[in-house]
Asker: 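Dropping a structure here in structure tokens format, bear with me for questions.
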Amino acid sequence: MNAADRRIALVTGANKGIGLEVARQLGKAGHRVLLGARDNARGLEAAKALQAQGIDVRHIPLDLADAASLKAAAADIEANEGRIDILVNNAGIAEQSDGLPGSVDLDLVRRIFETNYFGTIAVTQALLPLVKKSASGRIVNVSSGLGSLTLNADPNWDYAAVKLTGYNGSKAALNMFTVLLAAELKDTGIKVNAVNPGYTATDLNGHSGHQTVEEGAAETVRMALIPDDGPTGGFTSTEGVDPW
Ligand code: NDP
């Protein structure tokens with residue numbers, strides 16, 4: 001790959017699941033990967049596994065819930081990398097006992113929002129100055145079809161029965177964050193998009209998803225690498241444009 005085309009990509013929650021696969025695919029495409037993980041041992045092990053596949057990668061300690069770790073990550077990347085070309089906001093959680101709005105445990109809803117929404121805003125704010133240093137910054141927020149107001153309102157949707165107040169609400173909020181951030185950054189060249197990876201077998205859902213992680217990572221990788229005339233402020237999956 002031409003050195004000028006080589007991007008520096010940070011993926012949050014990249015020690016396993018879709019994030020690890022996004023990191024692997026970006027690395028295999030010739031880009032430098034900063035593998036964000038909140039647990040040092042898990043992060044180092046994942047980075048080692050990718051290095052063994054010939055990928056240029058290093059672990060960055062990064063916990064969305066820990067402001068000090070975000071500050072340290074930004075300082076490290078500023079000193080050692082100089083910029084971030086691609087920020088993939090992948091880290092996220094779901095909880096087993098999430099459920100219907102009339103009875104769901106409010107603390108559970110708060111916990112999910114703390115990671116999926118507030119945590120994603122926090123990491124984005126901490127790293128945005130570094131994305132602004134890129135000649136063509138890209139931010140991809142890993143959302144979900146479950147974050148779509150339109151799909152949730154459709155009683156005939158395949159996942160209409162999945163009414164998770166915490167998770168679905170946090171991803172709907174993340175979609176709003178995507179639209180607002182894309183608007184804020186529209187004159188900077190930074191493209192901000194949300195992606196629905198599709199139902200993918202990972203620890204998040206007890207491996208019940210019907211897609212492999214390769215399939216689940218594909219749209220995020222595509223949106224991470226869109227050209228300068230590519231879209232911003234959108235919501236897509238491998239099937240095309242998703243409804244908000
Ligand atoms: P996994 O549970 O396999 O991976 C989640 C990752 O996020 C892990 O690396 C986890 O770290 C990390 N993480 C969680 N909380 C934090 C935190 N506070 N700080 C840093 N990292 C954190 O899930 P998936 O790979 O399935 O999920 C990845 C993304 O895809 C999520 O945003 C999810 O909502 C979304 N998604 C997944 C779908 C699916 O079907 N799997 C469908 C639609 C969307 P650790 O290992 O330390 O827990």
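All ligand and atom numbering here is 1-based and tracks the order in the structure.
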Asker: Has Gln96 got more than 12 heavy atoms of other residues, nucleotides or ligands less than 6.0 Å from its CD?
Answerer: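 Counting other residues, nucleotides and ligands, CD of Gln96 stays at 12 neighbours or fewer.
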Asker: Which residue is it: Val88, Asp228, Thr232? I am looking for the one with a side-chain contact (heavy atoms from CB on, under 4.5 Å) to Arg138.
Answerer: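 In the set Val88, Asp228, Thr232, the residue that makes a side-chain contact (heavy atoms from CB on, under 4.5 Å) with Arg138 is Asp228.
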Asker: Can you spot which of Thr238, Val22, Leu26 makes a side-chain contact (heavy atoms from CB on, under 4.5 Å) with Thr220?
Answerer: Val22
Asker: Using a strict cut-off of under 4.0 Å between a residue heavy atom and any atom of ligand 1, list the qualifying protein residues by chain and number.
Answerer: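 Residues within 4.0 Å of ligand 1: Gly13, Asn15, Lys16, Gly17, Ile18, Arg38, Arg42, Leu62, Asp63, Leu64, Ala65, Asn90, Ala91, Gly92, Ile93, Thr115, Val142, Ser143, Ser144, Tyr167, Lys171, Pro197, Gly198, Tyr199, Thr200, Thr202, Asp203, Leu204, Asn205.
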Asker: Do Asn196 and Ser143 have side-chain atoms, one donor and one acceptor, less than 3.5 Å apart?
Answerer: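 Side chains of Asn196 and Ser143: no pair found under 3.5 Å.
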Asker: Whether the Asn193 and Asn141 side chains hold a donor-acceptor pair (N or O, under 3.5 Å, no angle test) is what I'd like checked.
Answerer: no
Asker: So, are Arg24 and Glu21 salt-bridged, with charged N and O less than 4.0 Å apart?
Answerer: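 Yes, Arg24 and Glu21 are salt-bridged.
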